[in-house]
Amino acid sequence: MPTNKDNMGATEIFRMPSADSTVPDLMGENALVHPTLTIVKGPSTGQVFELDESDITLGRDPKNSVFLNDMTVSRKHAHIDLTGIASGYASIEDLGSLNGTWVDGAIVNKALLKDGSTIQIGTFRMIFHTNRRPKRVETGA
């Protein structure tokens, strides 16, 4: 019979029975129903804006729907139109900003946004999400 001294430094493997394992739903109770913009780079990284109106303004002025407090952002920088969100898309328009509005790596005057689009405004890089549940695709087998 091995002693404790013989097993020192040995790695033991613990396996949880599959009937006992669960995957926690961390966002279950806080499921977002409106489109969102999440800041992934720049000041306020991690901040999430829930876009609950059809017309969203972005800029350095605190009166904007999305307030981006940095000198690289114009007071009235851009506008997001969410009237087509039921179909899964939205559009963004630059409002004559000094540094421009970038969507998925290209500078734009106006562009369509889809789920996962990257928006760069000044030093802020944001991800746009529609937060629509994917539709189940039926296959005829």
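- With a 6.0 Å radius and a threshold of 12 heavy atoms from other residues, nucleotides or ligands, Asn109 has its CG atom at or below the threshold.
- For the residue pair Ser97 / Asn99, no side-chain donor-acceptor distance below 3.5 Å is found, with atom types taken as modelled.
- In this structure the side chain of Ser91 reaches within 4.5 angstrom of the side chain of Lys110, judged on heavy atoms.
- Val40 has its side chain out of reach of Thr45: every pair of non-hydrogen atoms, C-beta onward, lies at least 4.5 Å apart.
- Considering CG of Leu112 and OG of Ser117, their distance stands at 8.5 Å, rounded to 0.5 Å.
- You'll find the side chain of Leu58 stays beyond 4.5 Å of the side chain of Ser65, heavy atoms only.
- With values rounded to the nearest 0.5 angstrom, Leu82 atom CG is found 5.5 Å from Ile56 atom CD1.
- The shortest distance between side-chain heavy atoms of Leu51 and Val66 falls below 4.5 Å.
- A donor-acceptor distance shorter than 3.5 angstrom exists from the side chain of Thr72 to the backbone of Thr123, with no hydrogens or angles considered.
- Using a 4.5 Å cut-off on side-chain heavy atoms (C-beta onward), Asp94 and Val108 make no contact.
- No donor-acceptor pair closer than 3.5 Å links the side chain of Gln47 to the backbone N or O of Phe49.
- For Ile85 against Ala90, the heavy-atom pair with the smallest separation is CD1-CB, 4.4 Å.
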Inset, instruction - Please assess Asp104 against Lys114 for the test side-chain contact (heavy atoms from CB on, under 4.5 Å), listing each intermediate value before the final yes or no. - result: CA-CA 10 Å; Asp104 296 328; Lys114 61 185 184 312; 3.7 Å; yes
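- Applying the 4.5 Å side-chain rule to ILVMFWY residues, one finds that Leu98 remains a lone member of its cluster.
- With contacts defined as side-chain heavy-atom distances shorter than 4.5 Å, the pair Val103/Ile92 qualifies.
- Under the 3.5 Å distance criterion, with hydrogens and angles disregarded, a donor-acceptor pair is assigned to the side chains of Asp115 and His129.
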Inset, instruction - Mind running side-chain contact (heavy atoms from CB on, under 4.5 Å) on His79 and Asp81 for me, showing each step along the way? - result: CA-CA 7 Å; His79 170 264; Asp81 179 3; 3.9 Å; yes
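- The structure places OG of Ser44 at 9.0 Å from CZ of Phe67, a figure rounded to the nearest 0.5 Å.
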Legend entry - Thr38 and Phe128: CA distance, side-chain angles, deciding distance, side-chain contact (heavy atoms from CB on, under 4.5 Å) verdict: CA-CA 7 Å; Thr38 303; Phe128 173 79; over 6 Å; no
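- Residues that satisfy the side-chain hydrogen bond (donor to acceptor under 3.5 Å, both in side chains) test with Asn64, not counting sequence neighbours, are Thr57.
- Counting heavy atoms from C-beta outward, Leu68 and His77 have side chains that stay 4.5 Å or more apart.
- For Phe124 against Asn69, the heavy-atom pair with the smallest separation is CZ-N, 3.9 Å.
- Between Thr101 and Ile107, the closest side-chain pair of non-hydrogen atoms is not below 4.5 Å.
- Taking CD1 of Ile127 as the reference point, atom OG1 of Thr118 lies at 3.5 Å (rounded to 0.5 Å).
- Taking CZ from Arg60 and NZ from Lys76, the interatomic distance works out to 12.5 Å, rounded to the nearest 0.5 Å.
- Note that the NZ atom of Lys63 and the CZ atom of Arg75 stand 11.0 Å from one another [nearest 0.5 Å].
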